[in-house]
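Note sheet for the following structure.
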Amino acid sequence: MLRQLRHDVWATERLVAHCRQLSTAQLELTVPGTYGTIRRTLAHIVTSDEGYLTRLLGALLHDPPFRLDHEVTLDEAAAHLAHVKDGVERLFGGGELDADRLLRDTPLRRPGDPRFEMNAWAPLTQFVHHGSDHRAQIGTILGANGLTTPDLQVWPYAMELGASREAKETR
């Protein structure tokens with residue numbers, strides 16, 4: 001699971017870096033069936049990741065928490081992505097993570113909101129699914145508008161880490 005979350009953060013970092021090449025107008029592109037604009041979707045990915053980690057860790061990653069209460073810039077999203085990266089390492093830094101551990105509440109719950117209990121595997125799995133889904137939506141927006149899309153698959157990540165490579169033939 002640690003490798004999956006690390007890949008997820010890596011893919012979002014790569015996408016943010018790719019999007020830095022876009023104009024302000026291009027960052028506001030969207031297509032029907034996606035979350036929203038490229039910029040807004042990137043911010044949504046990062047705020048959600050922080051939320052999942054806050055629930056899993058039982059503590060805020062930083063105060064105040066990252067919210068979508070204003071027009072978030074790529075620089076803000078990237079800065080908060082650093083908190084996500086740190087939170088992933090903290091989550092797994094204490095040894096084996098019990099995926100069946102019951103999470104009883106989150107520091108992000110607002111007064112008056114219902115309390116949800118869940119096993120740790122649920123937000124862990126959602127972290128990966130959610131990021132992949134929304135990064136694919138951004139890829140759809142880019143492609144539909146004739147713009148290049150970055151390769152965010154596991155393969156280039158594994159190759160970058162040396163975990164996948166072309167085998168050298170020995171004769």
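Fair warning: this is a prediction, and the values are worked out from it, not measured in the lab.
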Does this structure show an ion pair linking Lys168 with Glu166, if we count only N-O contacts that are shorter than 4.0 Å?
no
- Determine, for Glu13 against Lys85, whether the closest basic-nitrogen to carboxylate-oxygen distance falls under 4.0 angstrom. yes
Quiz prompt | Donor-acceptor contact below 3.5 Å, side chain Gln126 vs main chain Pro123 | solution = no
Glu50 versus His80, side-chain donor and acceptor atoms under 3.5 Å: yes
_In the structure I gave you, are the side-chain heavy atoms of Leu29 and Leu22 within less than 4.5 Å of one another anywhere?_
no
(Q) Do Leu2 and Tyr52 sit in one hydrophobic cluster, given that two such residues count as connected whenever their side-chain heavy atoms are within less than 4.5 Å of each other, even indirectly? (A) yes
- Query: Quick one: does Thr34's side chain get under 4.5 Å of Ile138's, heavy atoms only?
  - Reply: no
**Item:** Minimum side-chain heavy-atom gap Asp63-Leu60 below 4.5 Å
**Value:** yes
Distance col, row Thr73:OG1 vs Leu27:CG, nearest 0.5 angstrom, shows 10.0 Å
Q.
Less than 6.0 angstrom separating the ring centers of Phe66 and His83, yes or no?
A. no
ask   = Is the closest basic N to carboxylate O distance between Asp8 and Arg3 below 4.0 Å?
value = no
Looking only at heavy atoms, the pair that brings Ala144 and Val31 closest together is CB-CG1, 3.8 Å
To the nearest 0.5 Å, atom NE2 of His130 lies from atom OG1 of Thr125 at 14.0 Å
Can you find a pair of side-chain heavy atoms, one from Thr30 and one from Tyr35, that are under 4.5 Å apart?
no
* Asked: Applying the 4.5 Å side-chain criterion to the ILVMFWY set and letting contacts propagate, would Leu42 and Leu142 be lumped into a single cluster?
  -> yes
Should Leu5 and Val46 be counted in the same cluster of Ile, Leu, Val, Met, Phe, Trp and Tyr side chains packed under 4.5 Å apart?
-> yes
Smallest heavy-atom separation, Ala78 atom then Val16 atom, equals CB-CG1, 4.2 Å
When every non-hydrogen atom of Met1 is compared with those of Leu124, the smallest separation belongs to CE-O, 3.3 Å
Is there a donor-acceptor pair under 3.5 Å between the side chain of Thr37 and the backbone N or O of Glu28? no
Here the pair of heavy atoms bringing Leu91 nearest to Leu57 is CA-CD2, 3.7 Å
Notebook entry, point to check: Ignoring hydrogens and geometry, is there a side-chain-to-backbone donor-acceptor pair from Arg55 to Leu103 under 3.5 Å?
Noted result: no
Quick one: side chains of residues 156-165, donor-acceptor pairs under 3.5 Å with protein atoms, not counting sequence neighbours, listed by atom name and distance.
residue: Glu160; atom: OE1; partner: Trp10; partner atom: NE1; Å: 3.3
residue: Glu160; atom: OE2; partner: Trp10; partner atom: NE1; Å: 3.2
residue: Arg165; atom: NH1; partner: Gly162; partner atom: O; Å: 2.3

Rounded to the nearest 0.5 Å, the CG atom of Asp86 sits from the NE2 atom of His62 at a distance of 10.0 Å
Would you say the side chains of Thr12 and Arg135 form a donor-acceptor pair under 3.5 Å?
yes
Shortest non-hydrogen pair, Leu152 vs His7, comes out as O-NE2, 2.9 Å
Among the clusters formed by ILVMFWY side chains lying less than 4.5 Å apart, do Phe127 and Met118 turn up in the same one? yes
- Query: Does any N or O in the side chain of Asp98 come within less than 3.5 Å of the main-chain N or O of Asp100, such that one atom is a donor and the other an acceptor?
  - Reply: yes
Heavy-atom nearest pair, Glu117 first then Arg104, reads OE2-NH1, 3.3 Å
Got a donor-acceptor contact below 3.5 angstrom from the Asn145 side chain to the Leu147 backbone? no
ask   = So, the side chain of Thr47 versus the backbone of His44: is there a donor-acceptor pair under 3.5 Å, distance only?
value = yes
Q) Would you find a donor on one side and an acceptor on the other, under 3.5 Å apart, between the side chain of Arg39 and the backbone of Val72? A) yes
Min side-chain heavy-atom separation Leu15-Pro150 under 4.5 Å
yes
- [ ] Give a yes or no on whether Leu81 and Ile38 share a hydrophobic cluster (residues Ile, Leu, Val, Met, Phe, Trp, Tyr; joining criterion: side-chain heavy atoms under 4.5 Å apart).
- [x] no
TODO: Say whether His134 and Gln137, considering side chains only, have a donor N or O and an acceptor N or O under 3.5 Å apart.
DONE: yes
